[in-house]
Asker: 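Let me begin by handing over the structure; questions about it come next.
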Amino acid sequence: MTTIQPAAWRLGTYWSDRESHALADLKEAGFACIELNLDNYKLIAETLGPEQYDRYHQSVLEAKALGLDVWSVHLPFGDPWDISLTDEAVRAAIIEGHVKVMDWAQGWGASCVVIHPSFEPVTNEERAERLAAARDAICILSSKAAERGLRLAIEDLPRSCLGKNAEEIIALIADAPDAVVCCDTNHLLGERPEYFIRTVGARIQTLHVSDYDGIDEKHWIPGRGIVNWVEVLRALVDIGYDGPFMFEADYLDPKDVTASFQAMIAAYESAAT
C-alpha cells in the first residue's frame with residue numbers, strides 16, 4: 001500500500017451554480033478540483049432532460065477552462081431519489097434517473113459519483129427492509145457506474161438515515177464489490193470519524209470534510225467543532241487514502257478553507273515529529 005502524506009492531497013470543494021463563490025475564486029484560493037452538486041430536491045428523475053444538462057454542462061466547461069478538475073458529481077437526493085424505497089417499480093424508476101445522471105458524469109470526465117443511501121425519516125420498524133432495498137440498488141448502480149468508468153461512492157448519513165455508522169455502510173456495500181465509500185466527517189453522530197475511517201478502510205475513496213458539534217451536522221469549517229483532525233489525517237494516511245481532500249463546508253471566503261487545510265497539515269506534521 002502506497003503511503004501518501006496529507007500535504008500531497010489535492011484540495012477540493014463541493015460547488016453548484018447556486019453558490020455565491022465564482023469558480024475563478026476557487027482556483028485563485030488554491031483549489032484543484034470540485035464536486036459538482038445538482039439541484040437535489042427540485043429535480044425529478046422522470047423529467048431530466050436537455051435543459052438541466054445544458055445548465056450543468058456550462059459549469060463543467062467553465063471549471064475545466066480554469067484548470068479545475070470535476071472529481072465527482074453528487075447524485076441528486078431527497079424523496080424523489082431515495083434508493084431505499086421498498087416499492088420495486090418506484091425504486092426502478094429512481095435507479096433509472098440516477099443512471100441518467102451517471103451518463104452526464106461520465107461525459108464530464110468525473111472519477112466518481114456520490115450517492116445517499118436513503119432520505120429520512122427511517123423508522124426502526126422499517127429499517128431492515130429499507131437497508132435491503134438500498135443494498136440491492138447499490139449493487140445495480142455500482143455496476144452501472146463501473147461500466148461507465150465511474151466509482152459509486154456511498155455516503156454516510158446522520159440521524160435516522162441509512163448508513164449512519166461504519167457497520168451499516170459495510171453492510172450496504174457487502175454485496176457490491178464495485179462500490180466505494182464517501183466519508184462525511186460531520187455526519188457521524190454515533191462514532192468518531194477516525195474510527196469510521198479505520199473500520200471501513202481502503203474502500204473510502206472520497207471525502208466530505210467539515211466540522212460539527214457531535215450532536216447534529218453543521219458543515220462548519222474545520223477547527224470550530226469537535227473533530228480531532230490530526231487523528232482523522234492519521235487514519236486516512238494509514239488506510240492509504242489518495243483522493244482529494246474534498247470539503248463540504250459552509251464558508252464565505254474560499255481562502256478560509258485553504259487556510260484551514262494548511263492548519264490541519266501543520267498540526268499533523270507537528271504531531272508526527
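FYI, the numbering just counts along the sequence from 1.
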Asker: If I take atom CZ from residue F247 and atom OG1 from residue T258, how far apart are they, to the nearest 0.5 angstrom?
Answerer: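 Spacing of CZ (F247) from OG1 (T258) equals 8.5 Å.
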Asker: How many angstroms lie between atom OH of Y14 and atom NE2 of H21, to the nearest 0.5 angstrom?
Answerer: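 Rounded to the nearest 0.5 Å, the OH-NE2 separation comes out at 7.0 Å.
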Asker: Measure the spacing between CD of E35 and OG of S111 and express it to the nearest 0.5 Å.
Answerer: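 So the gap between those two atoms works out to 11.5 Å.
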Asker: Which residue, V113, N37, L38, forms the side chain to side chain contact (heavy atoms under 4.5 Å, CB included) with H74?
Answerer: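 Only one option passes, and that is N37.
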Asker: Of all heavy-atom pairs between V227 and S210, which one has the smallest distance, and what is that distance?
Answerer: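 Nearest pair, atom of V227 first, then S210: CG2-O, 4.5 Å.
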Asker: When you group the ILVMFWY residues by side-chain heavy-atom contacts below 4.5 Å and let the links chain together, are V230 and V232 in the same group?
Answerer: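 Looking at the clustering, V230 is in a separate group from V232.
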Asker: Would you indicate whether R192, at its atom CZ, is surrounded by more than 12 heavy atoms from other residues, nucleotides or ligands within a distance under 6.0 Å?
Answerer: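 Open: at most 12 neighbouring heavy atoms sit under 6.0 Å from CZ of R192.
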Asker: Measure the NZ-CE distance between K144 and M102 for me, rounded to the nearest 0.5 Å.
Answerer: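 So the gap between those two atoms works out to 9.5 Å.
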Asker: For the side chain of K64 and the backbone of V70, is there at least one donor-acceptor N/O pair under 3.5 Å apart?
Answerer: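 Side chain of K64 to backbone of V70, a donor-acceptor pair under 3.5 Å: no, none is there.
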Asker: Is it true that atom CD of Q5 has more than 12 heavy atoms of other residues, nucleotides or ligands lying nearer than 6.0 Å?
Answerer: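 Above 12, so yes.
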Asker: Tell me the closest heavy-atom pair linking I197 and C183, and the distance in Å.
Answerer: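 So the two residues come closest at CG1-SG, 3.9 Å.
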Asker: Does H187 reach the main-chain N or O of E217 with its side chain, forming a donor-acceptor pair under 3.5 Å?
Answerer: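 Side chain of H187 to backbone of E217, a donor-acceptor pair under 3.5 Å: no, none is there.
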Asker: Treat each ILVMFWY residue as a node, draw an edge where side-chain heavy atoms are under 4.5 Å apart, and state whether V114 and W15 are in one component.
Answerer: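 In one cluster: no.
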Asker: Shortest non-hydrogen contact from I265 to A7?
Answerer: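 Closest approach of I265 to A7: CD1-CA, 3.8 Å.
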Asker: Return the CG to CG distance between D213 and N186, rounded to the nearest 0.5 Å.
Answerer: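 The distance works out to 9.0 Å.
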Asker: Measure the shortest side-chain to side-chain distance between F245 and V257 over non-hydrogen atoms and say whether it is less than 4.5 angstrom.
Answerer: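 When only atoms from C-beta onward are counted, V257 and F245 do not touch, as no gap falls below 4.5 Å.
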Asker: To the nearest 0.5 Å, tell me how far L152 CG sits from L141 CG.
Answerer: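 The CG atom of L152 sits 6.0 Å away from the CG atom of L141.
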Asker: With heavy-atom distances below 4.5 Å as the criterion, would you say the side chains of S72 and M246 are in contact?
Answerer: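 Yes, their side chains come closer than 4.5 Å.
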Asker: Can a salt bridge be assigned to the pair R127 and E168 using a cut-off of 4.0 Å between side-chain N and carboxylate O?
Answerer: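 Yes.
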Asker: Which heavy atom of G225 sits nearest to which heavy atom of D211, and what is that distance?
Answerer: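 Taking every non-hydrogen atom into account, N-OD2, 3.1 Å.
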Asker: If you group Ile, Leu, Val, Met, Phe, Trp and Tyr by side-chain heavy-atom gaps below 4.5 Å, do I94 and W104 land in one group?
Answerer: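 Both belong to a single hydrophobic cluster.
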Asker: With a 4.5 Å limit on heavy-atom distance, are the side chains of I34 and L23 in contact?
Answerer: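 Of all side-chain heavy-atom pairs linking L23 with I34, at least one is under 4.5 Å.
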Asker: Thinking salt bridges, do R130 and E126 make one under a 4.0 Å N-O criterion?
Answerer: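 Yes, charged N to carboxylate O under 4.0 Å.
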Asker: Give the intermediate values and the outcome of side chain to side chain contact (heavy atoms under 4.5 Å, CB included) for residues I154 and I115.
Answerer: CA-CA 5 Å; I154 317 305; I115 194 167; 3.5 Å; yes
Asker: Passes side chain to side chain contact (heavy atoms under 4.5 Å, CB included), L207 versus T185? Steps please.
Answerer: CA-CA 8 Å; L207 306 173; T185 58; 5.9 Å; no
Asker: In sequence, state the C-alpha distance, the side-chain angles, and the governing distance for F261 and W9, and then conclude on ring pair (Phe, Tyr, Trp, His ring centres under 6.0 Å).
Answerer: CA-CA 10 Å; F261 181 51; W9 293 334; 7.3 Å; no
Asker: For L85 and D79, work out which heavy atoms get closest and say how close.
Answerer: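 Heavy atoms of L85 and D79 come nearest at CD1-O, 4.1 Å.
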Asker: Flag yes if V101 and L36 sit in one hydrophobic cluster, no otherwise; membership is Ile, Leu, Val, Met, Phe, Trp, Tyr, and two members link when side-chain heavy atoms are under 4.5 Å apart.
Answerer: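 Yes, V101 and L36 fall within the same hydrophobic cluster.
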Asker: Flag the pair V180 / T206 as yes when at least one side-chain heavy-atom distance between them is below 4.5 Å, and no otherwise.
Answerer: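 Sidechains of T206 and V180: no contact.
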Asker: Donor-acceptor pair, E125 side chain versus V122 backbone, under 3.5 Å?
Answerer: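 Checking the backbone N and O of V122 against the side chain of E125, no donor-acceptor pair under 3.5 Å is found.
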Asker: Is it true that a side-chain atom of S142 and a backbone atom of C139 form a donor plus acceptor pair closer than 3.5 Å?
Answerer: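 Side chain of S142 to backbone of C139, a donor-acceptor pair under 3.5 Å: yes, one is there.
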Asker: Would the distance check show the side chain of H116 and the main-chain N or O of G78 forming a donor-acceptor pair, the cut-off being under 3.5 Å?
Answerer: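 Pair absent, no side-chain N/O of H116 close to backbone of G78.
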Asker: For the residue pair R203 and R151, establish whether any side-chain heavy-atom pair is separated by less than 4.5 Å.
Answerer: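 When only atoms from C-beta onward are counted, R151 and R203 do not touch, as no gap falls below 4.5 Å.
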Asker: Distance alone, cut at 3.5 Å: any donor-acceptor contact between the side chains of T13 and Y251?
Answerer: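 A pair is found: one side chain offers a donor N or O, the other an acceptor, under 3.5 Å apart.
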Asker: Grouping I, L, V, M, F, W and Y whenever their side-chain heavy atoms are under 4.5 Å apart, do Y195 and L172 come out in a common cluster?
Answerer: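 Shared cluster, no.
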Asker: Evaluate D103 against Y53 for side chain to side chain contact (heavy atoms under 4.5 Å, CB included), listing each step before the verdict.
Answerer: CA-CA 10 Å; D103 287 336; Y53 171 81; over 6 Å; no
Asker: So, for E120 and P158, which heavy atoms are closest and what is the spacing to 0.1 Å?
Answerer: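 Between these two residues, the closest heavy atoms are OE1-O, 4.2 Å.
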Asker: I want to check something: taking the side chain as every heavy atom from C-beta on, are D39 and R55 in contact at a cut-off of under 4.5 Å?
Answerer: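 The answer is yes, as the side chains (C-beta and beyond) meet within the 4.5 Å cut-off.
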Asker: How about Y212 and L188: do any of their side-chain heavy atoms sit closer than 4.5 Å?
Answerer: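 Heavy-atom side-chain distance check passes, below 4.5 Å.
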Asker: Got P6 and L236 here, is their nearest side-chain heavy-atom distance under 4.5 Å?
Answerer: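 P6 does not reach L236 side chain to side chain.
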Asker: Quick check: are there more than 12 heavy atoms from other residues, nucleotides or ligands sitting under 6.0 Å from CD of E191?
Answerer: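 Yes, CD of E191 has more than 12 neighbouring heavy atoms, counting only those of other groups under 6.0 Å.
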